[in-house]
Amino acid sequence: MPELPEVETVVRGLRPRLKDCVAGLAWVDWPKVLDGYNLTQFNKEVKGQALKGIHRRGKYICLALDTHYLVVHLRMTGRLYVSSNKTGDDKWVHFSLAIGDQQFLAFSDARKFGRVTLTRSLDYLEEKLGPEPLPLPREAWLTLLSGTSRGIKAFLLDQKKLAGVGNIYADEALHRTGVDPRRPVNELTPQERTNLGINIQDILAAAINYEGATISWYRKPDGTQGESQKHFKVYGKTGEPCSQCGNLITRITVAQRSTHFCPTCQS
DNA sequence: ATCTTTACCTGACTGC
DNA sequence: TGCAGTCAGGTAAAGA
């Protein structure tokens, strides 16, 4: 499940591979991957454009071209890597873009939830995404985590409030902070708000250093697995003893997501 | 404003 | 071996 650390790892892995590349033609085996964009039009616009840079915004991958951005969202099972084959290196590749010298940027996605789009401006992303958690000043967390009665986990998953956090790292950060995922945001103490901000940042930064979490589908662009999953305290640990108190990790549903927490440590 | 439901998708897993 | 049922969850849209 690619979240901020996984997407950041993909971007960092691809960056050196895309240096000095020029876009050629795109290939598609499932038109919907272009999110309504017509392939002919797509190719007309993208062909011959230099790849000028790649960065992450929230869970979106933004590849800067001369006049456009190629924007990729991995959703659940998306993978993005460089291949020497137009149809990539696995059976779930639905899009590829020639980037020169028999090299292709391949987008693989078993679930077909992910999308590849082309845009002249990234403004539309800014309109639907909250601030990046890394970095976000300490005072900003206090402001962000106020004025709403929504449950804290639902709030953290809302990309318009905070960009990049998903189900895994929301559970991990709430456990480290000792906060029940169902607690209304406006009932957190100032200390809890500050601590939650710090813990989200620490956990995301550590996960980037571990190069993301391979639960099932996520792979780094070089095909290898991340290590972050080895450091989880609650995600996927249902029925196992809590590392803090020894009582059992419980799974409940919060905000329509499976939620893992310790009823003893989190209140 | 907030919450709930549904849709999008298919591989992996469970139980019979 | 196969087959039905269930689960995984990021985002968008619709309805309460």
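The structure displayed is predicted, hence computed values, not measured ones. Just so we're on the same page: letters track the sequence lines, and every chain starts at 1.
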Exercise. Just how far, in rounded Å, is P of C/dA13 from CZ of A/R115?
Worked result: 12 Å

Exercise. Any side-chain donor-acceptor pair under 3.5 Å between A/D90 and A/S108?
Worked result: yes

For this session: Would you indicate which nucleotide in C/dA8, C/dA12, C/dG10 comes nearest to any side-chain atom of A/K128?
Result: C/dA12

Problem set entry | P-based separation of C/dC3 from B/dC9 [nearest Å] | 25 Å

Exercise. Touch check for A/Q159, heavy atoms < 4.0 angstrom, all strands: base, sugar-phosphate only, or nothing?
Worked result: sugar-phosphate

Seminar exercise, completed: Here DNA chain C, pairs taken as Watson-Crick or G-U under 3.5 Å and shown with ( ), [ ] when crossing and | when to another strand, reads .|||||||.|||||||

Problem set entry | Charged N-O contact under 4.0 Å between A/R176 and A/E172 | no

Exercise. In whole Å, what is the span from the CD1 atom of A/I215 to the P atom of C/dG10?
Worked result: 11 Å

For this session: Look at all strands and tell whether A/R257 reaches a base, only sugar-phosphate, or nothing, counting heavy atoms closer than 4.0 Å.
Result: base

Exercise. Choosing from B/dC9, C/dA12, C/dA8, which nucleotide comes nearest the side chain of A/S258?
Worked result: C/dA8

For this session: Verify the contact: side-chain N or O of A/K32 to OP1 or OP2 of B/dC9, cut-off strictly under 4.0 Å; return yes or no.
Result: yes

Review item, side-chain donor-acceptor pairs of residues 255-267 of chain A, under 3.5 Å, at least two apart:
unit_1 : atom_1 : unit_2 : atom_2 : d
A/T259 : OG1    : A/K153 : NZ     : 2.9
A/T259 : OG1    : A/R257 : O      : 3.1
A/H260 : ND1    : A/D171 : OD2    : 2.9
A/T264 : OG1    : A/N247 : ND2    : 2.9
A/Q266 : OE1    : A/C262 : N      : 2.9
A/Q266 : NE2    : A/L174 : O      : 3.3
A/Q266 : NE2    : A/V179 : O      : 2.9

Problem set entry | A/K112 NZ to B/dG11 P, straight-line distance once rounded to whole Å | 9 Å

Exercise. Just checking, any donor-acceptor pair under 3.5 angstrom between side chains of A/S83 and A/D89?
Worked result: yes

Problem set entry | Touch class at under 4.0 angstrom, heavy-atom based, for A/T148 against every strand present | sugar-phosphate

For this session: Please state how far atom CD in A/E6 lies from atom P in C/dG10, giving the value in whole angstrom units.
Result: 10 Å

Exercise. With respect to the side chain of A/Y60, which nucleotide from C/dT11, B/dT4, B/dT10 is positioned closest?
Worked result: C/dT11

Exercise. DNA chain B: A/G151 or A/W30, which has the more 5' nearest nucleotide?
Worked result: A/G151

For this session: List in numerical order all residues of residues 85-97 of chain A for which some heavy atom is under 4.0 Å away from an atom belonging to DNA chain B.
Result: A/W92

Problem set entry | A/D123 versus A/S121, side-chain donor and acceptor atoms under 3.5 Å | yes

Exercise. Do the side-chain N or O atoms of A/H73 get closer than 4.0 angstrom to the phosphate oxygens (OP1, OP2) of C/dG10?
Worked result: no

Exercise. Is it true that A/K220 and A/E6 have a side-chain N and a carboxylate O under 4.0 angstrom from each other?
Worked result: no

Seminar exercise, completed: Whole-Å distance, A/Q256 CD to C/dA13 P, equals 18 Å

Exercise. C/dC7 and B/dT5: how far apart are their P atoms, nearest whole angstrom?
Worked result: 15 Å

Exercise. What is the distance, rounded to the nearest whole Å, between atom OH of A/Y124 and atom C1' of C/dA12?
Worked result: 14 Å

Exercise. How close or far is atom P of B/dT2 from atom CZ of A/R150, stated in whole angstroms?
Worked result: 6 Å

Problem set entry | Between A/Y218 and A/E3: side-chain donor-acceptor atoms closer than 3.5 Å | no

Exercise. In terms of side-chain heavy atoms, does A/Y69 have a donor or acceptor partner in A/K52 at a distance below 3.5 Å?
Worked result: no

Exercise. Does A/H94 reach the main-chain N or O of A/D109 with its side chain, forming a donor-acceptor pair under 3.5 Å?
Worked result: yes

Problem set entry | Close aromatic pair by centroid cut-off 6.0 Å: A/W92 and A/W217 | yes

Exercise. With respect to the side chain of A/R111, which nucleotide from B/dT10, B/dT4, B/dG11 is positioned closest?
Worked result: B/dT10

For this session: Compare the minimum distances between each of B/dC9, C/dG10, C/dA8 and the side chain of A/R251, then state the nucleotide with the smallest one.
Result: C/dA8

For this session: State plainly whether the residues A/R182 and A/D180 are in salt-bridge range, i.e. N to O under 4.0 Å.
Result: yes

For this session: Report which part of the nucleic acid A/Y218 touches: base, sugar-phosphate, or nothing (heavy-atom distance under 4.0 Å, all strands).
Result: nothing

Seminar exercise, completed: Separation of C/dG10 atom P from A/L129 atom CG, nearest Å, is 14 Å

